[in-house]
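Here the structure comes first, spelled out in structure tokens, and everything after it is commentary.
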2 protein chains.
Amino acid sequence: MILPETIDTIRAFNRFYTNKIGVLAKDYLATPYTLVEGRILYEMGARERVSATELNRDLGLDPAYLSRILKKFREAGFIDSEPDPADKRSQILNITDMGREIYETLGERSRRQIADDLQNVDDASQARLVDSMQTIRAILDPSGALPPPPVIIRPYRIGDMGWLIEAQATAYAREYGLNEKFEALIAEVAGKFIANFNPERERSWIAERGGKRVGSVLVADGGGDVAKLRLLYLDPEVRGLGLGRTLVEQCIKFSTLAGYKKLSLWTNDILTAAIHIYKTAGFRLVSEERHAMFGPECVGQTWELNLREAKLSAA
Amino acid sequence: MILPETIDTIRAFNRFYTNKIGVLAKDYLATPYTLVEGRILYEMGARERVSATELNRDLGLDPAYLSRILKKFREAGFIDSEPDPADKRSQILNITDMGREIYETLGERSRRQIADDLQNVDDASQARLVDSMQTIRAILDPSGALPPPPVIIRPYRIGDMGWLIEAQATAYAREYGLNEKFEALIAEVAGKFIANFNPERERSWIAERGGKRVGSVLVADGGGDVAKLRLLYLDPEVRGLGLGRTLVEQCIKFSTLAGYKKLSLWTNDILTAAIHIYKTAGFRLVSEERHAMFGPECVGQTWELNLREAKLSAA
DNA sequence: AATATTTATTTGACTAAGTCAAGTAAATCA
DNA sequence: TGATTTACTTGACTTAGTCAAATAAATATT
């Protein structure tokens, strides 16, 4: 469904951004080049060895027009060309050292221009700006958008627990209808974990992608020789990438090294994806109990992994 | 601070959107008009009675160029002009019925064009798209953007506590250097509050602006006839608007109505802005103790408000 | 293998988009 | 009152950008 307001907002944004770019185009970065020429030079500098056709496909220019600009560049010594041995109709274009200098200058000015624009934009807004731009690109041009940055796993930092509580409470409310008692539970669990944190026996990991938190898990001391795996969570957008397994393996490895004999966890039957991960990691269901602590009726489950066995089976 | 990656992403987005607009400009909506002409016609249609100078200021065109286009429009019968009685140098431009027809056609095509682009974009992505575009406009052009929406105060919803924990922990770590034990404390407080929530004796409020959470406070049952005010927080962007006072007053009113005799709170000397609000609301400092629970040394303070007195003084 | 068709690029021949400088007339400033 | 600024217009260009046709090599077709 496409709302008229959606279309209006997009039209308004297009007008806004046309202005923004139009102003840029005025006297393109205070150089004797046009915006189009700048774009061509950019493409030439960014990649090596292009043919005119490729350039054309990407920039959508009139071939005659492109041909003339390239001629000018060739005469000015910004680019040179050699016939493509594979296709003698085609020339392979290459940027010269002189051309590269212009390219760098243009890039430098463009960067400074943007830096000026950002002068009065605080860090948080900058982050939102970048995020919004990437969102727009990803939606409007799914093919061309940059591949998602890699997921990194890092230790806890301040604010992570709050994020985790919000993300998990919201997601499980939406997906399974859990109520606010669930948020309360994880807030208490998370709070106690940090309050009594023992760096030798406990650990927490946050998965991050492109600076945005997307997953978590932690190992808490369960007393005796039992470690507890808690608060495993994956944002919907990173499910199915094997990240859950990685996080659980992280926990198993740490618990083993820390000298625990068992890794135990409590979960609910509705969380089938997580349970699948536990199962394949070797956890065994040791007890179940029906409850309705979080609104809908569900079955709480305790799973355990014998860490010695796990080690053996991994070897 | 401006990161190079930020600049690069913005450059990439500019290139991307230049292409998008360039494609639009190609054969502007399959009409015999240029993009610039279309823009002018749009501005003429969107508002009535413009002068050439105003148009120029907003579109940033060369005056000579504008003048020629307007002449063409006048000859074609799209606009007419009458001298401005207040300034005889100026002409007041008006769109004619014929011009309005063209304007409508152009708008219609532009809308259809966008609708086509959105054909394969699901509803959630459309919402994110619109949101991102508004974010970009608001950040890049704070003046022209819509005024900030009003702050509304609403009851707790799932996910709010997580947000509060993250926001408060992050803000106080940044501003006062508090460590993760502070996050732990508020997580526990928030968790217990929701877990044992008693709707008759307790309440929580979240302040929201434009769908974004910006502040919070809650009243918890302190046992006996004492209520506790907790987790008062304001996002940096809404500080100084009197919102803190409003939230505290909310708490006082509720506690009074709920039959409590005292409203008590615990805070720290470093939070001077909050303390100022408590003071002016009539709270009195009843005890202090030095501690370093959250890293830096600070002074924990207990403040109390006698609700009967408060009521009298307000009357 | 010969012919037809398509693709990559260039050139000629324009059109009109867009710019710069100078001019006119009214408004505002000193 | 004269000097300066502002709102627009016009003349005189330049050059960005287009369309059609040409060339030469690569592919497809029969």
Side-chain angles (χ1 to χ4, degrees), chain A residues 18-19 21-41 43-44 49-76 78-94, chain B residues 18-19 21-41 43-44 49-76 78-94:
Chain A
T18 306
N19 264 8
I21 290 168
V23 171
L24 281 175
K26 203 66 206 280
D27 235 326
Y28 186 57
L29 300 170
T31 59
Y33 309 104
T34 350
L35 203 159
V36 177
E37 288 172 333
R39 278 300 311 269
I40 293 173
L41 215 48
E43 294 296 331
M44 303 273 323
R49 305 172 61 76
V50 229
S51 73
T53 321
E54 283 175 83
L55 264 183
N56 226 321
R57 177 168 30 73
D58 295 351
L59 296 174
L61 302 172
D62 179 280
Y65 183 29
L66 213 212
S67 175
R68 275 179 232 283
I69 295 176
L70 290 177
K71 189 178 172 194
K72 216 169 73 180
F73 280 0
R74 220 178 282 128
E75 279 163 5
F78 296 169
I79 62 174
D80 53 26
S81 51
E82 35 171 332
D84 183 344
D87 183 342
K88 279 178 237 158
R89 290 169 307 177
S90 231
Q91 298 275 67
I92 295 178
L93 305 169
N94 240 314
Chain B
T18 305
N19 263 7
I21 290 169
V23 171
L24 282 174
K26 202 67 207 277
D27 235 324
Y28 186 58
L29 300 170
T31 58
Y33 309 104
T34 348
L35 204 160
V36 177
E37 289 172 330
R39 276 303 309 271
I40 293 173
L41 215 48
E43 294 295 332
M44 304 272 322
R49 305 173 60 75
V50 227
S51 73
T53 322
E54 283 175 85
L55 264 183
N56 225 321
R57 177 170 29 75
D58 295 351
L59 297 174
L61 302 172
D62 181 278
Y65 184 29
L66 213 212
S67 176
R68 276 180 231 283
I69 295 177
L70 290 177
K71 188 177 173 193
K72 217 170 72 180
F73 280 0
R74 221 178 284 129
E75 280 163 6
F78 296 169
I79 63 175
D80 52 28
S81 50
E82 34 170 332
D84 183 343
D87 182 342
K88 278 179 238 158
R89 291 170 304 178
S90 229
Q91 297 276 68
I92 295 179
L93 306 168
N94 240 314

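Just so it is clear: chains get the letters A, B, ... in the order the sequence lines come, proteins before strands, and each one is counted from 1.
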May I ask you to say whether R49(B) pairs ionically with E82(B), meaning some side-chain N is under 4.0 Å from a carboxylate O?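 Yes, R49(B) and E82(B) are salt-bridged.
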
Send over the distance from [X] [atom1] to [N] [atom2], rounded to a whole Å.
X	N	atom1	atom2	value
D84(B)	dA25(C)	CG	P	19 Å
L35(B)	dA16(D)	CG	C1'	16 Å
L55(A)	dA8(C)	CG	P	13 Å
L70(B)	dT10(D)	CG	P	12 Å
D62(B)	dA21(C)	CG	C1'	11 Å
Q91(A)	dA25(D)	CD	C1'	12 Å
L61(A)	dT10(C)	CG	C1'	16 Å
R39(A)	dA16(D)	CZ	P	18 Å

When you measure from the side-chain N and O atoms of R74(A) to the phosphate of dT10(C), is any distance below 4.0 Å, counting only OP1 and OP2?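 It does, given that an N or O in the side chain of R74(A) lies less than 4.0 Å from OP1 or OP2 of dT10(C).
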
Looking only at side-chain N and O atoms, does K72(A) come under 4.0 Å of OP1 or OP2 in dA16(D)?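 For K72(A), the contact criterion (side-chain N or O under 4.0 Å from OP1 or OP2 of dA16(D)) is met.
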
Closest approach to the side chain of [X], judged atom by atom: which nucleotide of [options] is it?
X	options	result
S67(B)	dA25(D), dT9(D), dT10(C)	dT9(D)
S90(B)	dA7(D), dT19(C), dA8(C)	dA7(D)
R68(A)	dG12(C), dA8(C), dC20(C)	dG12(C)
R89(A)	dA27(C), dA24(D), dT10(C)	dA24(D)

Out of S51(A), S81(A), P83(A), which residue meets the side chain to side chain contact (heavy atoms under 4.5 Å, CB included) rule with S90(A)?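 Checked S51(A), S81(A), P83(A) against S90(A); only one passes side chain to side chain contact (heavy atoms under 4.5 Å, CB included): S51(A).
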
Give the ring-plane orientation class for F73(A) versus F78(A), where under 30° counts as parallel, over 60° as perpendicular and anything between as tilted.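 Aromatic pair F73(A)/F78(A) classed tilted.
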
Give A64(A) one of three labels, base, sugar-phosphate or nothing, depending on what nucleic acid heavy atoms sit under 4.0 Å from its own.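 Base, at least one base atom sits under 4.0 Å.
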
Is there a donor-acceptor contact under 3.5 Å from the side chain of N19(A) to the main chain of D58(B)?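 Checked: pair present.
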
Taking N56(B) for its side chain and L61(B) for its backbone only, find out whether a donor-acceptor pair lies under 3.5 Å.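 Looks like yes, one N/O pair under 3.5 Å.
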
Considering heavy-atom distances to DNA chain C, does I69(B) or E54(A) have its closest nucleotide positioned more toward the 5' end?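 Nearest nucleotide further toward 5': that of E54(A).
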
